[in-house]
Amino acid sequence: MTPSTAPTPPTGAQAPTTTPTQSPTTAPLAASPTPAPTSKPAQSPSGEVPPAGESASPSGESSPITPPVDTHDGAGGTVGAIIGAVAVVAAVLLGVGVCVFAVRRRRRRRDDGDDVQLEKAGGASGPTEQEREADDVAAAVDDVPPTRCFAGVPLVSFDEAMHLLLTLDEDVPNRPDVRRPSAEHVTLVPKYVRGQYKADVAKRDSVKALVKQHGVTEDEVLAVVAFTAEHPYPTYRWFNAWLNCSRRDEQVVKHVGPFFVLLFNALRKLPEQVVSASRGVNVRDIP
């Protein structure tokens with residue numbers, strides 16, 4: 001049996017076209033979203049992946065990753081600089097204060113007479129060249145000159161020392177509040193002091209112990225009594241005023257020095273004591 005063939009369309013006629021239909025099973029699937037590209041660790045030319053925290057270099061060697069540097073710390077740096085400058089200034093001021101304190105302390109001890117070395121036979125040796133230089137340094141710090149000028153003053157009796165002190169016929173510079181002793185005071189003060197000594201001071205057991213244990217002489221005790229007496233004339237005001245003035249000439253040394261040496265000898269022999277005391281000073285007329 002011979003198979004049949006489809007009729008051939010005539011010449012010039014177009015063959016009918018048919019649109020193929022798609023079945024549900026053969027319909028193309030909906031396009032799925034394209035996955036985002038994933039980054040791969042950089043590889044060195046050798047193909048090795050560097051460890052975390054390092055990057056691959058063209059030569060194949062891994063190099064550490066340098067973290068970014070924060071350059072916005074200007075405020076902290078300024079505060080640190082200020083604190084450092086304040087610390088330096090404080091250290092300098094502290095050093096200067098210690099030096100000034102040491103110089104003043106040395107001068108105070110000298111004024112108290114710690115450096116006056118009296119000979120047993122009486123009198124004292126004069127200041128050495130080093131001591132004079134120390135006096136110049138102290139005078140540069142304080143307006144009141146030191147009392148080292150009294151180091152060469154001889155040791156005399158109480159009556160002679162009081163006579164010289166009360167007969168200094170000059171006014172104390174810049175001290176209008178201190179009145180000069182009169183001729184009557186020159187006689188009354190030593191007489192009054194001796195009367196107080198015999199009537200009261202010499203009879204005290206404490207004074208007898210000082211004389212016996214520490215070798216305080218009668219003239220030295222009289223000097224202490226005169227320095228603490230307010231009547232008939234305040235000798236201590238006249239004496240202290242001259243010590244605190246700027247004069248240290250021959251006239252002052254001659255009249256003030258003997259009483260200073262006598263009083264200093266007495267105070268140096270007394271035992272040291274720490275007590276509480278109150279004192280008032282009238283400074284109305286002091287410039």
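Note that the coordinates shown come from a computational prediction; the quantities given were computed from them, not determined experimentally.
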Report yes or no: does Glu220 contribute a side-chain atom to a donor-acceptor pair with the main-chain N or O of Thr217 at less than 3.5 Å? yes
Roughly how far, to the nearest 0.5 Å, is CZ of Phe260 from CG of Asn265? 9.5 Å
Supply the atom-to-atom distance Gln251 CD to Trp242 CH2, rounded to the nearest 0.5 angstrom. 8.5 Å
Short N-O contact, Glu170 and Arg247, less than 4.0 angstrom: yes
Hey, quick one: are Leu243 and Leu164 part of the same hydrophobic cluster, counting side-chain heavy atoms closer than 4.5 Å, chains of contacts allowed? no
For a 4.5 angstrom cut-off between non-hydrogen side-chain atoms, does Tyr233 reach Arg179? yes
Do Val221 and Val224 come within less than 4.5 Å of each other through their side chains, counting heavy atoms only? no
How close do Tyr192 and Ala229 get, heavy atom to heavy atom, and via which atoms? CE2-CB, 4.3 Å
Do any N or O atoms from the side chain of His214 and from the backbone of Val211 form a donor-acceptor pair under 3.5 angstrom? no
So does Ala202 get a backbone contact from the side chain of Lys208, meaning a donor-acceptor N/O pair under 3.5 Å? no
Shared hydrophobic cluster for Val186 and Phe158 (ILVMFWY, side-chain gaps under 4.5 Å): yes
So does Trp238 get a backbone contact from the side chain of Arg175, meaning a donor-acceptor N/O pair under 3.5 Å? no
About how many Å separate NZ of Lys269 and CG of Leu210, when rounded to the nearest 0.5 Å? 11.0 Å
Inter- and intrachain pairs under side-chain hydrogen bond (donor to acceptor under 3.5 Å, both in side chains), touching residues 152-168, at least two apart: Asp159-Arg194
Within one Ile-Leu-Val-Met-Phe-Trp-Tyr cluster: Val261 and Val252, side-chain cutoff 4.5 Å: yes
Which residues pass the side-chain contact (heavy atoms from CB on, under 4.5 Å) test with Asp200, not counting sequence neighbours? Arg204
If Ile, Leu, Val, Met, Phe, Trp and Tyr residues are connected whenever their side-chain heavy atoms lie under 4.5 Å apart, and connections chain through other members, are Val201 and Leu222 in the same group? yes
Met162 with Val156, same ILVMFWY side-chain cluster at under 4.5 Å: no
Salt-bridged, Glu230 to Arg237, with N to O below 4.0 Å? yes
Sequence-distant partners of Thr187, side-chain contact (heavy atoms from CB on, under 4.5 Å), two or more places apart: none
